[in-house]
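Here's the structure, in structure tokens; my notes come after.
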Amino acid sequence: MADNYDETKHFLSIADWRLPELEKLLELGAKLKNEQKAGKAHRLLEGKSLAMIFEKASTRTRMSFEVGIFQLGGQPLFISSQHSQMGRGEPIKDTARVMSRYVHGIMIRTFAQSVVEEFAQFGDVPVINGLTDLLHPCQIMADIMTVIEHKGDIKDRTIAWIGDGNNMANSWLNAAAKFGFSLRLACPEGYDPNPEILAAAKQANPDGILVTRDPKEAASGADVVTTDVFASMGQEDEAEKRLQAFQGFQVDSVLMKTAAPGAVFLHCLPAHRGEEVSEEVFESAASVVWDEAENRLHVQKAIMATLMQ
Ligand code: CP
Ligand code: NVA
């Protein structure tokens, strides 16, 4: 429990939620998806507004939240920090209190996790984490939804993470702690996941978590192989150095062949073909990245409907 706000009224981290509530989000996401495809409209947030604050670039997160709130009968407000007073130094605690007087929910993509936490502390509407340097929880919920669609379940599956111990890897660890699936992370030395998140995941799921320097050890027999860019947003200056450090960490056909028969490939996108993933794997039948991107829409509608109704 955070000291200054009720974590369950926000979606800042998968670690903040109990497993039954996470499962309900996935079930609702699947229901909204199926019913929407059958032509049913869900006006669950009629007349409500979602502020979407972006301090970093985005294609999928912006579009999926914007279309999602619209489909639920609500209204999105796109706010880029550079074109708002936030970019000129208005304190977060003031922005959060003002926004809470106008909107029914706030989605933020930013750098420090402390920024989303400060919004939750000072605002009085639900805050949703649309990516920080530390975490990307909405993406991992979409990824889990995609694994369930393609593999039938998540709990008994083995997920191989190849590459940087970044915001995606940290959120996979949080998810493995809750859902109990097996997660093997292959990261180069110096690029491990967050140590506290790793320790908590190992404590919650002692037999399920492995960190190795060997991509083959991680991918061997895995049901899902997944990766992300070597240099995340904000790390552009390190791109060259990281390219060297991540030699041998590309998900290519040779690595995919070590995975279980029928294994799928996930990537949150955008992807850098020829770096973290080969063109061949990215465009192969095993690649379910478009389903994964689509599921952002459905699972985030479930998150908004659950928090903002
Ligand atoms: N996967 C993801 O969050 O994509 P965007 O950066 O395009 O939002
Ligand atoms: N790890 C990447 C994810 C992008 C969706 C980044 O933070 O840039």
Side-chain angles (χ1 to χ4, degrees), residues 11-14 29 50-69 76 78-81 106-116 128-147 159 161-175 185-188 190-194 197 224 226-239 241-243 245-246 249-251 265-273 275-277 282 287-301 303-304:
F11 196 72
L12 305 190
S13 168
I14 289 171
L50 176 78
M52 309 187 316
I53 304 168
F54 284 89
E55 300 206 77
K56 291 176 175 172
S58 171
T59 298
R60 282 145 287 270
T61 303
R62 177 180 177 176
M63 291 187 68
S64 52
F65 271 105
E66 196 157 334
V67 171
I69 186 82
F78 173 77
I79 297 144
S80 88
S81 56
I106 301 171
M107 191 287 305
I108 319 172
R109 166 167 286 195
T110 186
F111 294 86
Q113 182 74 11
S114 60
V115 170
V116 294
I128 300 171
N129 183 350
L131 180 146
T132 61
D133 292 345
L134 187 70
L135 299 171
H136 198 1
C138 294
Q139 179 72 56
I140 297 304
M141 291 301 285
D143 290 14
I144 292 172
M145 184 172 169
T146 311
V147 174
I159 315 294
W161 173 265
I162 313 296
D164 192 16
N166 63 10
N167 42 13
M168 286 289 297
N170 291 333
S171 286
W172 270 117
L173 279 165
N174 282 336
L185 305 104
C187 310
Y191 297 93
D192 284 339
N194 176 280
I197 293 175
V224 177
T226 182
T227 185
D228 189 10
V229 289
F230 295 152
S232 285
M233 290 182 277
Q235 297 172 334
E236 289 77 8
D237 293 353
E238 298 175 29
K241 186 180 112 192
R242 283 172 169 266
L243 210 49
F246 286 84
F249 283 76
Q250 183 183 94
V251 179
F265 171 75
L266 292 179
H267 192 309
C268 64
L269 309 178
H272 292 182
R273 293 162 163 87
E275 293 187 13
E276 74 275 6
V277 59
F282 191 76
S287 174
V288 294
V289 298
W290 315 124
D291 292 343
E292 181 186 3
E294 178 186 335
N295 285 336
R296 294 291 302 278
L297 171 67
H298 305 298
V299 85
Q300 288 163 192
K301 282 168 72 179
I303 293 168
M304 287 190 282

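Heavy-atom basis, side chains included; hydrogens, waters and symmetry copies ignored. Counting convention: from 1, in listed order, for ligands and their atoms alike.
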side-chain contact (heavy atoms from CB on, under 4.5 Å) evaluation trace for Asn167 with Thr132 = CA-CA 7 Å; Asn167 42 13; Thr132 61; 5.5 Å; no
Exercise. Take Leu173 and Leu185, measure what side-chain contact (heavy atoms from CB on, under 4.5 Å) needs, and give me the verdict at the end.
Key: CA-CA 9 Å; Leu173 279 165; Leu185 305 104; 3.9 Å; yes
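Look at Leu269 and you'll find a heavy atom under 4.0 Å from some atom of ligand 2. Using a 4.0 angstrom heavy-atom cutoff, Leu131 does not count as in contact with ligand 1. Within the 4.0 Å heavy-atom shell around ligand 1 one does not find Met63.
The ring of Trp290 has its center no closer than 6.0 angstrom to the ring center of Phe265. Checked against the 6.0 Å centroid threshold, Phe246 and Tyr191 count as a close aromatic pair.
Considering backbone and side-chain N/O atoms, Pro270 never comes within less than 3.5 Å of an N/O atom of ligand 2. For ligand 1, none of its N or O atoms has an N or O atom of Met233 under 3.5 Å away. Every N/O-N/O distance between Arg62 and ligand 1 stays at or above 3.5 Å. Checked by distance only, ligand 2 and Asn167 come closer than 3.5 Å through their nitrogen or oxygen atoms. For Arg109, no nitrogen or oxygen atom sits less than 3.5 Å from a nitrogen or oxygen atom of ligand 2, counting backbone and side chain alike.
To the nearest 0.5 Å, atoms CG (Asn295) and NZ (Lys301) are separated by 11.5 Å. One distance of note links CG of Asp228 with CG of Leu269; it measures 9.0 Å at 0.5 Å rounding.
Here is the list of ligand 2 atoms found below 4.0 Å of a heavy atom in Ser232: 1 (N), 2 (C), 6 (C), 7 (O), 8 (O). The Leu269 neighbourhood of ligand 1 comprises atoms 1 (N), 2 (C), 4 (O), with distances under 4.0 Å to a heavy atom of that residue. For ligand 2, the atoms sitting less than 4.0 Å from at least one non-hydrogen atom of Leu131 are 3 (C), 4 (C), 5 (C), 7 (O), numbered in the order shown with element in parentheses. Each of the atoms 1 (N) of ligand 2 lies under 4.0 Å from some heavy atom of Asn166.
Among all protein heavy atoms, the one lying closest to atom 6 (O) of ligand 1 is Arg109 NH1, 2.8 Å. With hydrogens left out, the protein atom closest to atom 2 (C) of ligand 1 is Arg296 NH1, 3.4 Å, a heavy atom. Summary of contacts: the protein heavy atom closest to atom 4 (O) of ligand 1 is Arg60 NE, 2.9 Å.
In summary, the side chains of His298 and Glu294 do present a donor paired with an acceptor at a separation below 3.5 Å, with no hydrogens or angles considered. Side chains of Gln235 and Asp133: a donor-acceptor N/O pair is absent below 3.5 angstrom, by distance only. Glu276 and Thr227 form no side-chain donor-acceptor contact under 3.5 Å, judged by distance and modelled atom types alone.
By the criterion of a heavy-atom distance under 4.0 Å, neither the backbone nor the side chain of Thr61 is placed next to ligand 2.
For the pairing with Asn129, the side chain to side chain donor-acceptor pair (under 3.5 Å) check across Gln113, His136, Gln139, Arg109 returns one residue only, Gln113.
Nearest residue to atom 8 (O) of ligand 2 from Met233, Gln235, Glu236 is Met233 (criterion: closest heavy atom).
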